[in-house]
Undergrad: 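Below: one structure in structure tokens.
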Amino acid sequence: MCKYDFNWGTKEFILMGNLLDILMTTPCVVSEPFEPVDANVILRLNWIPAQILTYPNRQRQPLPTSTPLLQQRKQERRKERRPWRAVPKRIVMDENEPASSPPESPVTIQPLSSPCAPPSSPYLEPLSSPVREPISSPPQRSRSSSPLSTPSPHQYKRKKYETFDPVPDPTKKYWPPQEDDDIDVYVPDENQLEGIQQDYDHQQQNNFAQQYVLTSSSEESSSSSSEDAVDSESSSEDGSVKSSSSESDSEKSENGLNDSDDSDSNEQFSPKVYDGCSLTVDEGVLNMMDLFVKHKMEKVQIGVFEMKCPLCYGDSHKFYQLSVSDQIRNLFENHGLADLMDKYAAHRLELDLNILTDLCDGSEFKRAKIHEPYSLTLLGHTDGISISDSSDVSLWPLEYVIAELPPSLRFKFVLVSGIWIDNSKPYLNTFMKPFVKELQDINRDGGVKWIHPKSKEEMCTSVSVAAFAVDAPARALLQNILSHGGKHCCNICEQKMKKLPEQPVLPGVKKSTRRRVFTFEEEASTLRTAERMDVQGKEARRRQEQEAGRSKLTTIRGVRGISVAAELPGCDRSTMVFPEYMHLLLCLVKEFFSLWFEKEGPWILKDYQDIINSYLESIRVPDFVTRIPRSTEKFHQWKANELRSFVLYYSVIVLRRCMKEEYFQHWLLLVLSLYLLLQDTVSPIDISRSEIMLQLFCRDFARLYKADYFTYYVHNLLHLPLTVKRNGPLWSNSTFQFESFNGTFAKFIHGTKNQGKELVNNVRLTIGVEVLKARVNNSHLSDDQHSAVEFRGKVKKYVFTDREKLLLSSHNVKTSVQLYFRALTKGQTFATSIYQRQKKRNNFTVCYVNSYDERVFGEIKLFLESPGNVKMALIESFKVNHLRSFHHTDSGMVIKHIIPIEKTDDIHLVEISKLLFKVIRINDFVCLRPNKYEVNL
């Protein structure tokens, strides 16, 4: 290496430092052939600690000891022309002055204790050499500034070095100069060197903590094959990520972390997550990192297989299969799925068997249930997700939820069995084959084997699939029948559609195709059965083979052939799909909007559209309604939750003054029947009433709106009561939550190539995030913490009225109490009517319990906190006027969830615990939600 060649990389520095460490284990004297200048250069290089070498001068090769903090600082330095370092004072030689001759005395080298000793320990004796002070010195910095920060590039310039200090100052960190080095020079003083040392020690602690986390996670993944690792992993996830078998190791590591800090215990600088929690904030972060590692870094947990369609060529029609057994085992062993199922099963024992409260109460889920401990009954779903607006490629995940879980946690434990990515719809018979084979193998081998986290016993879980909640095209593909619009396209019955008569062709107008529509029949059509569909499918397949070459395939009652999905354990081909109400509303209500605002007829509402739009835009809804009402001019862009809110809440109040009475009474039948089937609990009486009203609705539809508009979606309304009998209330089997989960999927695709592989790798992260949300929102919060009250936004100036002063004095509350705008309790945010920042939301109209234990409605005007920490609300109450209630004239049914109210002068002082829930206020009406599960759709 050249005498003045300082363009060394990281490897050269480390190699030279290690070489000198070996040479200096015993005292020695450098002889004459070892030139003093070269010796000084080598001594300088040996002084550099390994941590400083993580900032290489040229090649920038990261060392294993680098941490995210160091990497971040290194990235910030790359933005400048040269990495900045604190350097010691230098000798600046004049151009005319010759270089100093080397000292005659030999160089004495002291033994080194460690090649990475801190800079404050002097290893070397300084050599005698003439030292000249620098021309100028920079201004001093405060100790609070970062030791790695530098002055601006134009304050001080470094001269080119001819010679320099023979020995570096051991109290300063050193960075060797470079050729053509024209950068800022900063000379730290003694006080700032203390800050550098503190930063160095702090960085060492960060390195130790980072190595501890990575080592613990890698040890878990590497020891998963041994029996001890199985025992430790099976007991690791019961409310926290710590395993009982590794308590001693974790205690040692925690003691090591605490010993490295000479200050107080960990509780002093790491507070608890919340009052009464056993976890500190640092432990919670470590648990989150461990959860991330298990779902993102350990690819052994979930098997992934790349599949191709055997009938296609090339790279098109490619999909990915994910092992369901690995996912089920992971949920049981690491995420407490067994405890959640036990708690929900114990809760369901107290319910009435004749009332439908969830999926498990449906007849199809009871039939498909395997009566074994911890057996799973699944509800499947698949739908297309648009990845990009500029591409035709769509994503089709095949996902399932567990019916034995409570509804609030059901969509936090989603199983993904396959992902199809292509610019066309999937061939479901091909797409379903790997999943069907896996479930058949699982049940044939006795179920998925896993270790119970508490009892350490080996358990077996059998899996069955009861139904699929999908849209109309996917229903046809799963059953392998004609799509909607075909001659026999109904998934539930065998009713035949009829073609409309030919319309006269006008000159210059293209002849339109004849549409098929349904007709209302007083006698119900024959329902499909699995045996009949199998016979029809085999016969259709035989005829297709005989008539090979024909462009039109032969079908028998709409059945085109066999269905692979029907081979799933517990799956019945005739009942595995049903009219899902989210997509049903999405298409049905838009058809009504098209009739009311675009089609000519006695039902037309075009003249009232401006009045309807202004009324809708003036409605202020609470925050559990995600989308605020908007104009009907662009109703084609409305989402399903907007259409649902319109049907249940807005439509009755808005249409009562502009729609003819006959049509309005007809619309009330749909609103009332949907509300009955969407309740938290659906009784047999509710099902029979809704069935009668939907039959009346479909019967009168052809008479009021012509038979030409009796489409597939109007016909499916007749099957909604049967759907509730088979699969539980409509909210339990809807796809609103599935669509929300699919939105999370789409966020994990960022690239334009290999999108399937990218998504498969991120599936673990998606499931891990959802499980983490379930933990935080449910497991850590007790009943007392859930009912805790938190006030926000102090009211600075408010003048009480005489009635309010009288009310406060009657409750022994002074007018000098602290007032607030908002309150957070029971997972809800309540506001006051004087809170002006919420202009499009109404979070102050509530239902509460008065002093007579009656449920009444009112508006929150103020929140108060008395000196005795008594938290109360000042509410202006309403009076209910039942004479103005909406009711259907012919049947006498009253719409109970839309309640007429009148303002009164009564004001009440109510405790916060008496507030029940928020309601939707529309002018002089309040609307109640049908159930507590469909929130923020």
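In this chain, residues are counted from 1 in sequence order.
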Undergrad: Are the side chains of Met576 and Gln479 in touch, meaning some heavy atoms are under 4.5 Å apart?
TA: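 Result yes, sub-4.5 Å side-chain heavy-atom pair found.
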Undergrad: I want to know whether Tyr374 and Trp450 have ring centres closer than 6.0 Å.
TA: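 Ring centroids of Tyr374 and Trp450 are less than 6.0 Å from each other.
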Undergrad: Assess the residue pair Glu364 and Asp572 against the criterion (side chain to side chain contact (heavy atoms under 4.5 Å, CB included)); give the C-alpha distance rounded to whole Å, side-chain angles, the decisive distance to 0.1 Å, and a yes or no.
TA: CA-CA 9 Å; Glu364 286 302 305; Asp572 189 312; 4.2 Å; yes
Undergrad: Quick one: are Lys454 and Asp339 in side-chain contact, heavy atoms under 4.5 Å?
TA: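 Yes - at least one pair of side-chain heavy atoms lies under 4.5 Å apart.
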Undergrad: Given the rule in the side chain to side chain contact (heavy atoms under 4.5 Å, CB included) test, do Arg929 and Val935 qualify, once you have shown the distances and angles that lead to the verdict?
TA: CA-CA 9 Å; Arg929 291 181 293 170; Val935 180; 3.0 Å; yes
Undergrad: Hey, are Lys932 and Asp680 close enough for a salt bridge, meaning a charged N less than 4.0 Å from a carboxylate O?
TA: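 Between Asp680 and Lys932 there is no salt bridge, as every charged N stays at least 4.0 Å from the carboxylate O atoms.
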Undergrad: Closest approach of Lys639 and Leu586, non-hydrogen atoms and distance?
TA: C-CD1, 4.3 Å
Undergrad: Does any part of the side chain of Phe413, heavy atoms only, come nearer than 4.5 Å to the side chain of Val401, both counted from C-beta?
TA: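 Result no, sub-4.5 Å side-chain heavy-atom pair not found.
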Undergrad: Which heavy atom of Ile562 sits nearest a heavy atom of Asn429, and at what distance?
TA: O-ND2, 3.6 Å
Undergrad: One pair to check against side chain to side chain donor-acceptor pair (under 3.5 Å): Glu934 and Asn931. What are the steps and the verdict?
TA: CA-CA 7 Å; Glu934 293 183 307; Asn931 57 76; 3.2 Å; yes
Undergrad: Cation over ring, Lys918 on Phe624, under 6.0 Å and within 45°?
TA: no
Undergrad: Pair Glu580, Arg475 - check salt bridge (Lys or Arg N to Asp or Glu O under 4.0 Å), show working.
TA: CA-CA 10 Å; Glu580 190 274 320; Arg475 291 199 294 268; 5.9 Å; no
Undergrad: Minimum heavy-atom separation for Leu379 to Asn733, with atom names?
TA: CD2-CA, 4.2 Å
Undergrad: Measure the shortest side-chain to side-chain distance between Asn491 and Arg528 over non-hydrogen atoms and say whether it is less than 4.5 angstrom.
TA: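 They are not in side-chain contact.
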Undergrad: Can you tell if the side chain of Ile687 reaches within under 4.5 Å of the side chain of Lys725, non-hydrogen atoms only?
TA: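 When only atoms from C-beta onward are counted, Lys725 and Ile687 do touch, with a gap below 4.5 Å.
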Undergrad: Would you name the heavy atoms of Gly446 and Ser462 that are closest together and state the gap between them?
TA: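 Taking every non-hydrogen atom into account, O-OG, 4.3 Å.
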Undergrad: Just verifying a value: how many Å separate Gln321 CD and Phe435 CZ, rounded to the nearest 0.5 Å?
TA: 9.5 Å
Undergrad: Determine whether Thr735 and Asp383 make a side-chain contact, defined as any pair of heavy atoms from C-beta on separated by less than 4.5 Å.
TA: no
Undergrad: How long is the span from the CG atom in Leu356 to the OG1 atom in Thr681, to the nearest 0.5 Å?
TA: 9.0 Å
